[in-house]
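This report refers to the structure that appears directly beneath it.
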Amino acid sequence: MSERKKLDRRDFMRTAAAFSFTGATWMAVGQKAEAKYWQLDPAKCTQCGRCTTHCVLNPSAVKCLNQFDICGYCDLCFGYLQPGSRDLDTGAENQLCPTAAIERKFIEAPYYEYKIHEDKCIGCAKCVKACLVFGNGSFYLQIRQDICINCNECSIAKSCPSDCFSEVPESDPYMYLTGDTYLAHPPA
Amino acid sequence: MKEPVRKTKHPYLVGVAIACVVGGYFHLVSKEKKFPEPGPNLEYDISELLEIDEVETAFEETGQIVPDFDEAKALETDADGNLYISGKNTIAVFDRAGKETSRIAVDGTPTCLELAPNGQLLVGMGDHVLVLAPDRSPLATWTDLSERTHISAIAADEENVYLADGGSRIVLRVDYDGTVLGSFGKADEARDIPGLEAPSAHFDVAFDNDGQLWVVNPGRLGLERYRDNGDIVTTWYRPDVTRLDSFSGCCNPMQIAFNSKGRLITGEKGPVRIKIFEVTSGSFEELVVGSSAFHVPQQIGDLVVDSSDRILVLDPRKKAVRIFEQTRTDLARKEAAE
């Protein structure tokens, strides 16, 4: 019967060094493998409304953003007003948003700023579609990464009819709208 | 006495059966609809707004010219029926049959073109204007035109050149040396000028057949007629998304042109519609082509009318110039009778 070898100081140091090396290597590789987050491509979005109903969170982690450098600051804003509204004002009957999440603020005649209150926004994309069809297309949807719980399998992505969801790196978690977004990828 | 426990002779089969039952249950559960479909309150339905242009028209698309370069943006025609199409680093000239006859190299992508009465070709290059001589050699460059210049359209008569500056939301009056003589379009209550509203860089100017200058006020969805000195002569606005005789969207019409009879041809973005108006009163006359002929939504690059009254529309989605001509004689007869 063989005797169990006794661990001397040298063996202990060797083992410790091996563990340290392995740990450092794992840490280095682990840091390089960047975390991924779900995001939607506004150029592919068809404003189907499922971002509101298919997110595991209620209200959805998908919110509308307004890209101010594309916005026309229109008085007659189709993203804000019901089509055919008689009065261009903040009357509830004139507002398109089902949760009144868009604030209309006078800047200077005849321009208005439209700010989205994300705590009220449910990501339905009615304003996105209206602005795209009748305006400059400055409204668009994005998953707010500070709200999203980053499910392993995003339930909105599973049901998205335009396949516009993908995983993006942590360092670049949003897909901002540019003036050429819709020209480069015209909505289908 | 304790009874012996009965043991199955096929334990594996029992295991498989249990696994099938459990698997089937989870399969059925996963098939159930976990999330509701969005209801009508979450839908922006534009079908009714698109139906308004489902009418018979006297016009048909009779052909297309497809340039073989990228970023086609502007059109111009001459008295001989030649068509100029600008694109990336080039302006190509096509004859009436759609055959390319020559090319002019330019540095950049022209945003608009205008053939001046003296034969010069004025090329809007965004923040400056390039002047090409009648032989199409470079003659001059007009720079420092305004604080935030974006030239979106040019109209020229014998003495003056009018530049629609979408960046500064004004119209610049310039002489043929490129000297800015004045500008107009800023709101001025004392002169009853409402001010040009250009929410996007689509902002057109054109002369009618009587030599009167018409300026689109896209934010007000109508047209304004100006004198040289910037005085406003007349205006009409037609904002109504629910009516065919009006303009839809936040900023339309994005393009205007005049045919040989002096009728105003307008081009709208969003749901693309090409319409004909009587320019002085702003009364709608007829639809040339409705949104069903285009993708919804989309923009048009440019719109011109050639010497044969063909309406040429630059469709950036098809990357082609689409030609619309009046072909229906019954409507034409009705129109003549009226």
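On a predicted model such as this, the values are computed, not experimentally measured, just so you know. Order of the sequence lines fixes the chain letters, A, B, ..., with proteins taken first and strands second; residue numbering starts at 1 for each chain.
Contact count versus chain A (heavy atoms, under 4.5 Å) is highest, among B:Ser200, B:Gly219, B:Gly39, for B:Ser200. For the options A:Gly135, A:Ala130, A:Cys74, heavy-atom pairs under 4.5 Å to chain B are most numerous at A:Ala130. Chain A forms the most heavy-atom pairs under 4.5 Å with one residue out of B:Lys269, B:Gln298, B:His202, and that residue is B:Lys269.
Within a 6.0 Å radius of CD in B:Glu189, no more than 12 heavy atoms belonging to other residues, nucleotides or ligands are found. Annotation: B:Asp192, atom CG; neighbour count of heavy atoms from other residues, nucleotides and ligands within 6.0 Å does not exceed 12. Sparse packing is recorded around CZ of B:Arg148, with 12 or fewer heavy atoms of other residues, nucleotides or ligands lying under 6.0 Å away. Heavy atoms of other residues, nucleotides or ligands lying less than 6.0 angstrom from CG of B:Asp107 number 12 at most.
For residues 43-55 of chain B, heavy-atom neighbours of chain A at less than 4.5 Å comprise B:Glu43, B:Tyr44, B:Ile46, B:Leu49, sorted by residue number. Near-neighbour residues of residues 100-112 of chain A relative to chain B, defined by a heavy atom under 4.5 Å from a heavy atom of that chain, comprise A:Pro110, A:Tyr111.
Taking CD of B:Glu268 as the reference point, atom CZ of A:Phe134 lies at 10.0 Å (rounded to 0.5 Å). B:Cys251 SG to A:Leu76 CG: the interatomic distance, rounded to the nearest 0.5 Å, is 9.0 Å.
Looking at B:Ala187, there are no atoms closer than 4.5 Å to chain A (heavy atoms on both sides), in backbone or side chain. B:Asn41 touches chain A through its backbone: at least one of N, CA, C or O sits under 4.5 Å from a heavy atom, while the side chain does not. Interface remark: A:Cys48 contributes backbone atoms only to the contact with chain B (heavy atom separation under 4.5 Å). For A:Cys127, no part sits under 4.5 Å from any heavy atom of chain B, backbone or side chain.
Under the salt bridge (charged side-chain N to carboxylate O under 4.0 Å, His left out) criterion, A:Asp146 pairs with A:Arg144, not counting sequence neighbours. Remark: B:Glu61 pairs with B:Arg322 by the salt bridge (charged side-chain N to carboxylate O under 4.0 Å, His left out) rule, at least two apart or across chains.
Looking at B:Thr242 and A:Pro83, their side chains never come closer than 4.5 Å, going by heavy atoms from C-beta outward. At least one side-chain heavy atom of B:Cys250 sits under 4.5 Å from a side-chain heavy atom of A:Asn136.
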task: Using the side-chain contact (heavy atoms from CB on, under 4.5 Å) rule, take A:Ser159 and B:Phe35 through it: C-alpha gap first, then chi angles, then the decisive distance, then the call.
output: CA-CA 10 Å; A:Ser159 66; B:Phe35 300 102; over 6 Å; no

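A distance-only check finds no donor-acceptor pair linking the side chain of A:Thr53 to the backbone of B:Glu37 [under 3.5 Å].
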